[in-house]
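One structure below.
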Amino acid sequence: MKGCEVPELPEVESICRMLTDRIVGRKVVSVDVSLPRIIRCGRLDSIINHRFSSVYRRGKYICFELDDSLKMFAHLRMTGTFLWKDDLIETVSHIRVEIRFEDGCLLYRDVRTLGGIWISNDGTEPWQTLGIDPLDEEFTSEALAKRLSKRKMAVKQVLMNQSIIAGIGNIYASEVLFSAGIDPQRIACSLTVLEIERLRNAITSVLSAAINSGGTTFRDFRLSDGKDGAFQEFLKVYRKAGEACSRCGTKIRRIVQAQRSSYLCPKCQR
DNA sequence: CCAACGTCCTGCGTGC
DNA sequence: TGCACGCAGGACGTTG
(Lines give C-alpha, C1' and ligand atoms only; values in the text may rest on other atoms or scores of the structure.)
Protein backbone atom coordinates (compact mmCIF):
# COMPACT_ATOMS: atom_id res chain seq x y z
CA MET A 1 0.00 0.00 0.00
CA LYS A 2 1.37 3.38 -0.95
CA GLY A 3 0.64 6.61 0.86
CA CYS A 4 -1.95 6.70 3.62
CA GLU A 5 0.47 7.48 6.33
CA VAL A 6 -0.03 8.74 9.77
CA PRO A 7 0.75 12.13 11.29
CA GLU A 8 3.38 11.87 14.02
CA LEU A 9 5.10 14.57 16.07
CA PRO A 10 6.81 16.36 13.13
CA GLU A 11 3.65 16.40 11.03
CA VAL A 12 1.56 17.62 13.98
CA GLU A 13 4.14 20.34 14.66
CA SER A 14 3.97 21.44 11.01
CA ILE A 15 0.18 21.46 11.15
CA CYS A 16 0.26 23.58 14.33
CA ARG A 17 2.49 26.16 12.65
CA MET A 18 0.23 26.26 9.63
CA LEU A 19 -2.83 26.58 11.84
CA THR A 20 -1.22 29.37 13.84
CA ASP A 21 -0.72 31.40 10.68
CA ARG A 22 -4.26 30.74 9.55
CA ILE A 23 -6.50 31.09 12.55
CA VAL A 24 -4.83 32.97 15.41
CA GLY A 25 -6.73 36.22 15.85
CA ARG A 26 -9.74 34.97 13.92
CA LYS A 27 -13.19 34.74 15.48
CA VAL A 28 -15.44 31.73 14.91
CA VAL A 29 -18.67 32.64 13.16
CA SER A 30 -20.33 29.24 12.87
CA VAL A 31 -19.59 25.53 13.04
CA ASP A 32 -20.91 22.38 11.42
CA VAL A 33 -20.46 18.83 12.64
CA SER A 34 -21.39 16.22 10.05
CA LEU A 35 -20.11 13.29 12.15
CA PRO A 36 -21.06 13.87 15.80
CA ARG A 37 -18.86 11.13 17.28
CA ILE A 38 -15.75 13.06 16.23
CA ILE A 39 -16.63 15.46 19.08
CA ARG A 40 -15.47 13.43 22.06
CA CYS A 41 -16.21 15.87 24.84
CA GLY A 42 -18.11 19.13 25.14
CA ARG A 43 -19.99 20.99 22.42
CA LEU A 44 -18.30 22.45 19.36
CA ASP A 45 -20.82 25.29 19.16
CA SER A 46 -19.45 26.68 22.41
CA ILE A 47 -16.50 28.10 20.42
CA ILE A 48 -18.81 30.30 18.34
CA ASN A 49 -18.03 34.01 18.83
CA HIS A 50 -14.69 33.13 20.42
CA ARG A 51 -11.30 34.07 19.01
CA PHE A 52 -8.31 31.71 18.62
CA SER A 53 -5.26 32.96 20.52
CA SER A 54 -2.69 30.17 20.05
CA VAL A 55 -2.12 26.70 18.62
CA TYR A 56 0.47 24.29 19.95
CA ARG A 57 0.99 20.56 20.39
CA ARG A 58 1.97 18.09 23.05
CA GLY A 59 2.91 14.69 21.68
CA LYS A 60 0.48 14.20 18.82
CA TYR A 61 -2.32 16.22 20.42
CA ILE A 62 -3.08 19.71 19.12
CA CYS A 63 -4.28 22.34 21.58
CA PHE A 64 -6.19 25.35 20.30
CA GLU A 65 -6.48 28.13 22.86
CA LEU A 66 -9.34 30.58 22.55
CA ASP A 67 -10.28 33.58 24.65
CA ASP A 68 -12.05 33.16 28.02
CA SER A 69 -9.95 30.05 28.93
CA LEU A 70 -11.76 28.03 26.32
CA LYS A 71 -9.73 25.24 24.74
CA MET A 72 -10.20 22.88 21.85
CA PHE A 73 -8.04 19.79 21.47
CA ALA A 74 -7.64 17.56 18.44
CA HIS A 75 -6.01 14.20 17.80
CA LEU A 76 -5.63 13.19 14.16
CA ARG A 77 -5.00 9.47 14.80
CA MET A 78 -4.64 7.66 11.48
CA THR A 79 -6.14 9.85 8.79
CA GLY A 80 -7.20 13.13 10.33
CA THR A 81 -6.03 16.44 8.90
CA PHE A 82 -6.94 20.12 8.85
CA LEU A 83 -7.50 21.98 5.61
CA TRP A 84 -8.08 25.64 4.91
CA LYS A 85 -11.02 26.01 2.58
CA ASP A 86 -9.71 28.96 0.58
CA ASP A 87 -6.96 26.72 -0.77
CA LEU A 88 -9.28 24.05 -2.09
CA ILE A 89 -10.10 24.18 -5.74
CA GLU A 90 -12.07 20.98 -5.95
CA THR A 91 -14.49 19.62 -3.38
CA VAL A 92 -12.91 17.35 -0.78
CA SER A 93 -14.59 14.24 0.57
CA HIS A 94 -14.74 13.03 4.18
CA ILE A 95 -15.11 16.43 5.80
CA ARG A 96 -16.35 15.74 9.35
CA VAL A 97 -16.24 19.17 10.99
CA GLU A 98 -16.26 22.75 9.70
CA ILE A 99 -15.24 25.83 11.68
CA ARG A 100 -16.18 28.97 9.79
CA PHE A 101 -14.71 32.44 10.00
CA GLU A 102 -15.78 35.57 8.21
CA ASP A 103 -13.07 35.16 5.60
CA GLY A 104 -12.43 31.43 5.42
CA CYS A 105 -13.18 28.03 6.83
CA LEU A 106 -11.16 25.43 8.71
CA LEU A 107 -12.09 21.87 7.72
CA TYR A 108 -11.41 18.73 9.72
CA ARG A 109 -11.08 15.85 7.27
CA ASP A 110 -10.81 12.25 8.45
CA VAL A 111 -11.29 9.23 6.18
CA ARG A 112 -11.24 6.51 8.85
CA THR A 113 -12.89 8.69 11.48
CA LEU A 114 -10.68 7.54 14.33
CA GLY A 115 -9.57 11.06 15.22
CA GLY A 116 -11.29 13.27 17.73
CA ILE A 117 -11.96 16.79 18.96
CA TRP A 118 -12.44 17.82 22.59
CA ILE A 119 -13.90 21.10 23.83
CA SER A 120 -12.96 22.16 27.34
CA ASN A 121 -13.93 25.21 29.39
CA ASP A 122 -13.12 23.77 32.81
CA GLY A 123 -9.43 22.97 32.48
CA THR A 124 -9.87 19.28 31.70
CA GLU A 125 -7.43 17.96 29.11
CA PRO A 126 -7.50 14.75 27.06
CA TRP A 127 -3.71 14.35 27.24
CA GLN A 128 -3.32 13.62 30.96
CA THR A 129 -1.63 10.26 30.44
CA LEU A 130 1.02 11.46 27.99
CA GLY A 131 4.67 10.84 28.75
CA ILE A 132 7.57 13.23 28.11
CA ASP A 133 7.67 15.15 24.85
CA PRO A 134 10.96 14.34 23.07
CA LEU A 135 11.47 17.97 22.04
CA ASP A 136 11.12 19.16 25.63
CA GLU A 137 14.44 20.27 27.12
CA GLU A 138 13.82 17.86 30.00
CA PHE A 139 14.21 14.98 27.54
CA THR A 140 17.81 14.14 28.45
CA SER A 141 19.69 10.85 28.22
CA GLU A 142 19.09 10.42 31.94
CA ALA A 143 15.34 10.96 31.52
CA LEU A 144 15.27 8.41 28.71
CA ALA A 145 17.36 5.94 30.70
CA LYS A 146 14.92 6.17 33.60
CA ARG A 147 12.00 5.42 31.30
CA LEU A 148 13.71 2.44 29.64
CA SER A 149 15.19 0.91 32.75
CA LYS A 150 12.17 -1.05 33.94
CA ARG A 151 10.73 -1.99 30.56
CA LYS A 152 10.96 -5.54 29.37
CA MET A 153 9.31 -4.86 26.04
CA ALA A 154 11.13 -4.30 22.76
CA VAL A 155 12.68 -0.84 22.58
CA LYS A 156 10.56 -0.02 19.50
CA GLN A 157 7.34 -0.59 21.43
CA VAL A 158 8.61 1.65 24.23
CA LEU A 159 9.34 4.44 21.73
CA MET A 160 5.78 4.12 20.43
CA ASN A 161 4.13 4.02 23.85
CA GLN A 162 2.65 7.51 24.26
CA SER A 163 2.48 7.30 28.04
CA ILE A 164 6.27 6.85 28.12
CA ILE A 165 7.40 9.15 25.27
CA ALA A 166 4.80 11.24 23.47
CA GLY A 167 4.87 11.80 19.73
CA ILE A 168 6.74 8.94 18.05
CA GLY A 169 4.73 6.61 15.81
CA ASN A 170 5.56 3.72 13.53
CA ILE A 171 7.52 5.63 10.87
CA TYR A 172 9.84 7.57 13.16
CA ALA A 173 10.32 4.63 15.53
CA SER A 174 12.00 2.70 12.70
CA GLU A 175 13.91 5.74 11.44
CA VAL A 176 15.17 6.71 14.89
CA LEU A 177 16.38 3.19 15.68
CA PHE A 178 18.18 2.98 12.35
CA SER A 179 19.83 6.33 13.04
CA ALA A 180 20.90 5.10 16.49
CA GLY A 181 22.12 1.73 15.16
CA ILE A 182 19.89 -0.18 17.58
CA ASP A 183 17.87 -3.29 16.70
CA PRO A 184 14.14 -2.56 17.30
CA GLN A 185 13.79 -5.98 18.94
CA ARG A 186 16.25 -5.19 21.73
CA ILE A 187 14.64 -5.37 25.16
CA ALA A 188 14.47 -1.78 26.40
CA CYS A 189 16.11 -2.36 29.77
CA SER A 190 19.11 -4.08 28.15
CA LEU A 191 20.37 -0.90 26.47
CA THR A 192 23.73 0.42 27.68
CA VAL A 193 24.31 4.01 28.76
CA LEU A 194 26.11 4.66 25.48
CA GLU A 195 23.25 3.20 23.44
CA ILE A 196 20.72 5.29 25.34
CA GLU A 197 22.73 8.41 24.61
CA ARG A 198 22.83 7.50 20.91
CA LEU A 199 19.09 6.82 20.99
CA ARG A 200 18.28 10.15 22.60
CA ASN A 201 20.40 12.02 20.08
CA ALA A 202 18.78 10.09 17.22
CA ILE A 203 15.28 10.93 18.48
CA THR A 204 16.07 14.62 18.73
CA SER A 205 17.88 14.87 15.41
CA VAL A 206 15.48 12.76 13.31
CA LEU A 207 12.38 14.56 14.63
CA SER A 208 13.99 17.98 14.23
CA ALA A 209 15.11 17.19 10.69
CA ALA A 210 11.59 16.02 9.88
CA ILE A 211 10.06 19.23 11.21
CA ASN A 212 12.53 21.27 9.18
CA SER A 213 11.44 19.35 6.09
CA GLY A 214 7.80 20.12 6.77
CA GLY A 215 6.92 16.62 7.92
CA THR A 216 6.63 13.40 5.98
CA THR A 217 4.02 13.81 3.30
CA PHE A 218 1.66 11.08 2.30
CA ARG A 219 -1.79 11.12 0.83
CA ASP A 220 -3.67 12.06 3.97
CA PHE A 221 -1.36 14.81 5.11
CA ARG A 222 -1.45 18.00 3.12
CA LEU A 223 -0.24 21.39 4.15
CA SER A 224 -2.99 23.77 3.28
CA ASP A 225 -0.60 26.19 1.59
CA GLY A 226 -0.10 23.57 -1.09
CA LYS A 227 3.53 22.85 -0.24
CA ASP A 228 4.21 19.23 0.49
CA GLY A 229 6.55 18.10 3.23
CA ALA A 230 9.71 16.60 1.79
CA PHE A 231 10.90 14.35 4.59
CA GLN A 232 9.72 11.15 2.95
CA GLU A 233 12.62 11.59 0.55
CA PHE A 234 14.95 11.22 3.52
CA LEU A 235 13.48 8.05 4.99
CA LYS A 236 16.24 5.46 5.31
CA VAL A 237 14.39 2.27 6.16
CA TYR A 238 10.63 2.80 6.50
CA ARG A 239 8.84 0.81 3.76
CA LYS A 240 12.15 0.04 2.11
CA ALA A 241 12.24 -3.74 2.59
CA GLY A 242 14.53 -5.34 0.00
CA GLU A 243 16.30 -2.10 -0.83
CA ALA A 244 19.96 -1.55 -0.05
CA CYS A 245 20.86 0.08 3.27
CA SER A 246 22.19 3.58 2.55
CA ARG A 247 25.01 3.00 5.02
CA CYS A 248 26.27 -0.51 4.25
CA GLY A 249 24.31 -1.88 1.28
CA THR A 250 22.74 -4.78 3.16
CA LYS A 251 19.10 -5.44 2.27
CA ILE A 252 16.62 -3.68 4.54
CA ARG A 253 14.39 -6.15 6.38
CA ARG A 254 10.74 -5.89 7.38
CA ILE A 255 9.65 -7.64 10.57
CA VAL A 256 6.41 -7.55 12.57
CA GLN A 257 6.37 -6.44 16.20
CA ALA A 258 3.11 -6.18 18.15
CA GLN A 259 1.12 -6.37 14.90
CA ARG A 260 3.12 -3.46 13.46
CA SER A 261 5.70 -3.37 10.69
CA SER A 262 9.26 -2.52 11.66
CA TYR A 263 12.09 -1.91 9.20
CA LEU A 264 15.75 -2.34 9.95
CA CYS A 265 19.19 -2.95 8.57
CA PRO A 266 20.27 -6.24 10.18
CA LYS A 267 23.94 -5.27 9.87
CA CYS A 268 23.87 -1.66 11.08
CA GLN A 269 21.41 -2.26 13.90
CA ARG A 270 22.43 -4.46 16.80
C1' DC B 1 2.45 -1.65 38.22
C1' DC B 2 3.42 -3.85 33.51
C1' DA B 3 2.39 -6.30 29.14
C1' DA B 4 -0.52 -8.23 25.56
C1' DC B 5 -4.39 -8.14 22.81
C1' DG B 6 -8.95 -6.79 20.76
C1' DT B 7 -11.47 -2.92 19.02
C1' DC B 8 -12.57 1.06 16.39
C1' DC B 9 -12.70 2.53 11.01
C1' DT B 10 -12.46 2.78 5.65
C1' DG B 11 -9.87 2.39 1.34
C1' DC B 12 -7.06 -0.25 -1.26
C1' DG B 13 -4.42 -4.31 -2.94
C1' DT B 14 -4.74 -9.14 -3.74
C1' DG B 15 -6.54 -13.40 -5.41
C1' DC B 16 -10.05 -16.24 -7.32
C1' DT C 1 -14.98 -7.38 -14.32
C1' DG C 2 -16.48 -8.18 -9.80
C1' DC C 3 -16.44 -9.48 -5.29
C1' DA C 4 -14.75 -11.14 -0.75
C1' DC C 5 -11.19 -10.66 2.19
C1' DG C 6 -7.32 -8.97 4.86
C1' DC C 7 -4.27 -5.41 5.87
C1' DA C 8 -2.83 -0.67 7.35
C1' DG C 9 -2.19 1.51 12.36
C1' DG C 10 -2.89 5.17 17.17
C1' DA C 11 -4.95 5.03 21.27
C1' DC C 12 -7.70 3.01 24.65
C1' DG C 13 -10.21 -0.47 27.28
C1' DT C 14 -10.02 -5.02 28.97
C1' DT C 15 -7.68 -8.98 30.52
C1' DG C 16 -3.87 -11.61 32.51
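Throughout, a chain's letter reflects where its sequence line sits, starting with A, and its residues are numbered from 1. A quick note: this is a predicted structure, and the numbers were derived from the prediction, not measured.
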- Those residues that, when tested against A:Arg17, pass salt bridge (Lys or Arg N to Asp or Glu O under 4.0 Å) (two or more places apart): A:Glu13

- Separation of A:Lys156 atom NZ from C:dG9 atom P, in whole Å? 8 Å

- Task: Using distance alone, with no hydrogens and no angle criterion, decide if A:Arg100 and A:Ser30 have a side-chain donor and acceptor under 3.5 Å apart.
- Result: yes

- Query: The side chain of A:Val6 lies closest to which of these nucleotides: C:dG10, C:dA11, B:dC9?
  - Reply: C:dG10

- Message: From the set C:dA11, C:dG9, C:dG10, return the single nucleotide nearest to any side-chain atom of A:Arg112.
- Response: C:dG9

- Task: Specify the separation, in whole Å, of atom CE of A:Met78 and atom P of B:dC12.
- Result: 14 Å

- Message: Looking at A:His75, I'd like to know whether one of its side-chain N or O atoms comes within less than 4.0 Å of OP1 or OP2 on C:dG10.
- Response: no

- A:Tyr172 side chain N/O closer than 4.0 Å to the phosphate oxygens (OP1, OP2) of C:dG10? no

- Message: With a 4.0 Å cutoff (strictly under), does any side-chain N or O of A:Arg254 reach OP1 or OP2 of C:dA8?
- Response: yes

- Starting from the first five and the last five pairs of the helix from B:dC2-C:dG16 to B:dC16-C:dG2, work out the angle between the resulting helix axes, to 10 degrees. 50°

- Does the side chain of A:Thr113 come under 3.5 Å of the side chain of A:Arg37 through a donor N or O and an acceptor N or O? yes

- Message: Can you measure A:Arg40 atom CZ to C:dC12 atom C1' for me and round it to whole angstrom units?
- Response: 10 Å

- Note on the structure: Each nucleotide of nucleotides 2-8 of chain B classed B (base within 4.0 Å of a protein heavy atom), S (only sugar-phosphate) or -, in 5' to 3' order, makes SSS---B

- Task: Specify the separation, in whole Å, of atom CD1 of A:Ile168 and atom C1' of C:dG9.
- Result: 16 Å

- Does A:Lys236 have any salt bridge (Lys or Arg N to Asp or Glu O under 4.0 Å) partners at least two apart in sequence or in another chain, and if so, which? none

- Tracing side-chain links under 4.5 Å among I, L, V, M, F, W and Y, which residues wind up in one group with A:Val29? none

- Query: Restricting to pairs with a member in residues 126-142 of chain A, which pass salt bridge (Lys or Arg N to Asp or Glu O under 4.0 Å), not counting sequence neighbours?
  - Reply: A:Arg57-A:Asp133

- Message: Strictly by side-chain hydrogen bond (donor to acceptor under 3.5 Å, both in side chains), give each pair with a member in residues 244-253 of chain A just once, sequence neighbours left out.
- Response: none

- Message: I need the CD-P distance between A:Gln162 and C:dG9, as an integer number of Å.
- Response: 15 Å

- A:Lys60 NZ to C:dC12 C1': how many Å, rounded? 13 Å

- Item | By side chain to side chain donor-acceptor pair (under 3.5 Å) - contacts of A:Asn121 (at least two apart) | none

- Can you tell me how far C1' of B:dC9 sits from CG of A:Leu76, to the nearest Å? 15 Å

- Item | Nearest-Å distance for atom pair CG/P, residues A:Asp110 and C:dA8 | 20 Å

- Item | Residues that A:Ser179 engages under side chain to side chain donor-acceptor pair (under 3.5 Å), provided they are two or more places apart | none

- Query: Can you tell me if the side-chain N/O atoms of A:His94 get under 4.0 Å from OP1 or OP2 in B:dG11?
  - Reply: yes

